[in-house]
2 protein chains.
Amino acid sequence: MQSKPTTIKEIAKILKISPSSVSRGLHDHPSIGAVTREKIKQLAKSLSYQPNNAAILFQKGKTYTIGVILPELSEHFFSTAISAIEDEALKKNYTVIFAQSHDNYEQEVKLVEKMKNQRVDGLLVSISKDTSNFDHFEKLNTFNIPVVFFDRIPPFKNVHYVACSLETATVKALNYLLKKGHRSIGMINGPATLFASEERKDGYIQAISFNRLKFDPSLIVNCDLTEKGTIEAANEFLNHKRKPTAIVAFNDYVALFLIKYFKKLNVINDFDIVSYANLPIISYIDNSPIASVEQYPYLQGQKAANILLDLMANPNPENQAFFNTIVESDLIVNEVNK
Amino acid sequence: MQSKPTTIKEIAKILKISPSSVSRGLHDHPSIGAVTREKIKQLAKSLSYQPNNAAILFQKGKTYTIGVILPELSEHFFSTAISAIEDEALKKNYTVIFAQSHDNYEQEVKLVEKMKNQRVDGLLVSISKDTSNFDHFEKLNTFNIPVVFFDRIPPFKNVHYVACSLETATVKALNYLLKKGHRSIGMINGPATLFASEERKDGYIQAISFNRLKFDPSLIVNCDLTEKGTIEAANEFLNHKRKPTAIVAFNDYVALFLIKYFKKLNVINDFDIVSYANLPIISYIDNSPIASVEQYPYLQGQKAANILLDLMANPNPENQAFFNTIVESDLIVNEVNK
DNA sequence: CTAAATTAATCAAACGTTTGCGTGATATTT
DNA sequence: AAATATCACGCAAACGTTTGATTAATTTAG
């Protein structure tokens with residue numbers, strides 16, 4: 001017994017009124033009398049009428065869908081962020097579709113195109129590692145599809161974005177280490193192209209100079225964030241003329257590689273390690289980073305989603321104000337090492 | 001300068017032919033001549049025509065969308081599975097929308113309803129912890145929306161599902177521990193309502209009796225899978241008259257709680273721990289489980305998606321055959337402890 | 001008591017695409 | 001040369017809903 005969903009037309013026929021009246025009745029349009037309105041609503045309920053979304057979307061030319069493009073869904077940061085995005089979207093009855101760039105620029109370009117074709121009403125993006133050209137997002141402007149970047153953002157201000165200030169976070173991390181007495185602090189930074197790398201570097205320099213210490217550029221090493229790259233960076237520090245006593249790792253994954261390597265070399269106790277991301281797992285490992293920068297992925301996702309929902313609700317015509325939201329990050333000191 | 005997407009009508013007008021011919025031309029319909037066809041395709045390309053999806057969906061009464069409902073996106077298992085689902089769906093040009101039940105039955109019911117209203121063509125579901133009633137899925141049958149369950153499946157066979165045989169996985173785990181000489185093995189099981197708990201229990205009993213040992217029911221403790229619940233379960237074992245020397249934890253998260261607690265009590269070396277899930281992170285912690293059951297989330301997601309895509313492609317009328325796919329799970333022995 | 005305003009509903013178009021049916025024109029078979 | 005088949009395309013309806021314009025009936029104002 002195949003059920004076909006009830007339509008407005010059917011309700012109209014039964015009630016011997018026009019489909020438009022039914023539509024208006026269901027939407028509490030003032031031009032429909034209270035009596036008729038109630039009749040309509042009752043019948044709709046008893047026939048368990050559900051509006052045909054596809055028809056509405058088509059009619060309105062909106063999809064009530066927001067697209068999310070991010071590098072890697074299975075990374076804790078992103079799955080948490082998207083979880084927040086989904087929650088926020090649901091509140092406003094929006095649907096979320098997502099796709100992974102797998103940190104590949106070409107894939108990202110394709111996905112932006114696909115999202116545009118899917119006619120998403122708006123887009124949330126965390127850009128891929130090797131994206132340095134942003135033309136594919138420019139194109140969306142012409143189609144009036146708003147874009148909000150989060151966490152991995154382009155290095156300029158004339159876009160909407162939500163991100164952590166990694167610069168101040170890095171200052172916090174450095175100050176924490178300096179207060180502990182460390183005077184030679186290494187930093188495993190990401191690829192120089194990443195804005196996030198720049199911020200970390202700036203924070204490092206800022207903290208060093210604020211404390212009237214001499215900045216040694218060779219203590220900041222760029223790294224491709226792989227295990228191999230991490231080991232290479234580690235070796236640089238081990239052979240450094242001013243061998244650091246503390247290391248700031250680009251993120252918890254790098255920290256894990258580093259810890260694994262240092263354990264193997266049995267030098268793990270020679271270093272205090274501080275990291276970024278604050279993966280929940282970190283607190284379970286021995287010799288874990290003594291502190292990690294919490295970047296609040298859920299909050300970031302939430303804010304980005306809300307900005308986008310706002311932008312879609314009020315399609316701002318000429319008003320070219322850009323929402324640049326900074327989520328304050330915190331240095332979480334690992335309790336075990338307090 | 002607002003761009004509006006190109007439509008078939010516009011192409012038709014420029015070429016002075018009918019919209020239907022354009023549509024047919026683009027779809028290589030035989031009744032359109034080769035010359036006209038090429039003209040159409042060229043113009044479409046140069047105007048960068050993109051079919052209006054909403055219109056097509058509406059017209060065809062299909063959405064080319066599959067819904068995914070799962071408990072918690074940020075869990076590694078699920079984010080990996082959904083990553084696979086997305087990849088498979090993309091190949092067949094389907095779009096994925098997803099929602100999280102947050103392990104809440106009422107939420108799950110709502111989401112099923114929402115998915116139905118969104119007119120998804122099919123549904124992939126991993127059920128919530130406290131779902132024991134399945135009427136909300138029954139309803140989908142009447143609307144001819146196929147459902148494939150994966151990993152967290154209902155405890156009966158007359159549905160489509162993909163899952164690991166946790167029973168045989170548990171047998172493997174038990175045998176491994178028995179071979180290592182353990183004679184009293186504790187199990188921290190999940191809530192009794194979960195099918196996965198039942199399977200673990202059955203596997204436990206099966207392995208015990210196969211090895212002609214006496215089964216002691218008090219060595220299997222149900223647990224709500226929280227940290228608190230885990231500690232309670234651990235205490236039962238610590239005070240047990242036949243204190244176990246090995247413990248099978250419901251999953252890696254429970255194992256982490258357990259390890260943390262045992263470390264605190266300084267009894268971590270009294271136990272061998274085996275777990276389920278095989279989180280990548282596990283290999284980085286000290287005193288990690290000596291083995292973990294790999295449940296192949298990517299594979300499960302992939303298979304479930306393909307079954308669903310098949311079901312949607314061939315809407316089987318009377319043919320009530322149910323796809324029950326078992327993914328063989330493996331016991332991964334942690335190399336460090338080999 | 002007529003004119004204007006309000007109320008309650010209807011009509012018809014529109015959104016973009018697909019598809020069954022029809023129709024001339026040309027080509028092929030008797 | 002007449003009958004038939006094939007080709008290439010157009011017509012129009014349909015999918016379900018929304019919405020601006022319109023109408024008819026009733027109420028209010030002047």
Side-chain angles (χ1 to χ4, degrees), chain A residues 2-41 43-44 47-65 93 116-121 143-144, chain B residues 2-41 43-44 47-65 93 116-121 143-144:
Chain A
Q2 222 75 279
S3 295
K4 279 283 160 209
T6 314
T7 71
I8 278 193
K9 286 185 181 179
E10 286 161 23
I11 297 180
K13 193 170 282 177
I14 295 175
L15 255 36
K16 296 187 206 304
I17 56 179
S18 76
S20 44
S21 296
V22 176
S23 173
R24 290 191 162 101
L26 291 170
H27 290 87
D28 293 321
H29 192 281
S31 85
I32 298 297
V35 188
T36 319
R37 174 167 23 92
E38 288 314 312
K39 262 200 245 166
I40 292 169
K41 288 196 176 178
L43 185 59
L47 293 180
S48 67
Y49 165 75
Q50 289 295 342
N52 181 331
N53 241 297
I56 296 175
L57 305 185
F58 167 54
Q59 210 283 139
K60 295 214 167 185
K62 280 191 68 176
T63 56
Y64 291 96
T65 296
N93 246 302
K116 197 203 73 196
N117 296 347
Q118 285 264 349
R119 306 281 209 279
V120 295
D121 290 338
F143 289 95
N144 227 25
Chain B
Q2 223 73 278
S3 294
K4 279 286 161 208
T6 314
T7 71
I8 278 191
K9 286 184 180 180
E10 287 162 23
I11 297 180
K13 193 170 282 177
I14 295 175
L15 255 37
K16 295 187 207 303
I17 57 180
S18 76
S20 45
S21 295
V22 177
S23 172
R24 289 189 165 103
L26 291 169
H27 289 88
D28 292 321
H29 192 281
S31 83
I32 299 297
V35 188
T36 319
R37 174 166 24 91
E38 287 314 312
K39 261 200 245 166
I40 292 169
K41 287 194 177 179
L43 185 58
L47 293 180
S48 66
Y49 164 76
Q50 289 296 342
N52 180 331
N53 241 295
I56 295 175
L57 305 186
F58 168 55
Q59 210 280 140
K60 296 215 167 185
K62 280 191 70 176
T63 56
Y64 292 95
T65 296
N93 246 302
K116 198 202 72 196
N117 296 347
Q118 285 262 353
R119 306 283 209 278
V120 295
D121 290 340
F143 290 94
N144 229 25

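Proteins get letters first, then strands, A, B, ... in listed order; numbering begins at 1 in each.
Remark: ring of Phe58(A) does not overlap the six-membered base ring of dT17(D) in a stacked fashion, as centroids less than 5.5 Å apart with planes less than 30° apart are not both met.
The NZ-P distance, from Lys9(A) to dG16(D), rounds to 6 Å in whole Å. Nucleotide dG16(C) holds its P atom 23 Å from the NZ atom of Lys62(B), rounded to whole Å. Computed from coordinates, the Ile56(B) CD1 to dT18(C) P distance equals 5 Å when rounded to whole Å. Atom C1' of nucleotide dG20(D) and atom NZ of Lys60(A) are separated by 15 Å, given to the nearest angstrom. We find that CD1 of Ile11(B) is positioned 16 Å from P of dC9(D), with the value rounded to whole Å. The interatomic distance linking Glu38(A) (CD) with dA8(C) (C1') rounds to 15 Å, in whole Å. Atom-to-atom, NZ of Lys13(B) to C1' of dG16(C) comes out at 13 Å; the value is rounded to the nearest Å. Protein atom CG of Leu57(B) is 12 Å distant from nucleotide atom C1' of dC15(D), rounded to whole Å.
Take the nearest nucleotide of DNA chain D for Ala55(B) and for Gly33(B): the residue whose nucleotide is more 5' is Gly33(B). Where Ile17(B) and Arg24(A) meet DNA chain D, the nucleotide closest to each residue was compared, and Ile17(B) sits on the side nearer the 5' end.
Side-chain nitrogen and oxygen atoms of Thr7(A) include none within less than 4.0 Å of the OP1 or OP2 phosphate oxygen of dC15(D).
Separation of atoms CG (Leu57(B)) and OG1 (Thr63(A)) is listed at 10.5 Å; rounding is to 0.5 Å. Distance check: Thr7(B) OG1 to Asn52(B) CG gives 9.0 Å after rounding to the nearest 0.5 Å. For the atom pair Ile11(A) CD1 and Ser23(A) OG, the distance stands at 10.5 Å (nearest 0.5 Å).
Among the protein residues, Ser21(A) comes within range of the nucleic acid bases, having at least one heavy atom under 4.0 Å from a base atom. Note on Gly61(A): nothing from the nucleic acid sits closer than 4.0 angstrom, heavy atoms only. Nucleic acid contact class of Ser31(A) (heavy atoms, under 4.0 Å, all strands): base.
Minimum heavy-atom separation, Lys41(B) to Gly25(B): CE-O, 3.7 Å.
The base of dC11(D) sits with one of its N or O atoms less than 3.5 Å from a complementary donor or acceptor on the side chain of Ser20(B).
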Task: side chain to side chain contact (heavy atoms under 4.5 Å, CB included) between Tyr49(B) and Ile8(B), intermediate numbers included - done: CA-CA 8 Å; Tyr49(B) 164 76; Ile8(B) 278 191; 3.3 Å; yes
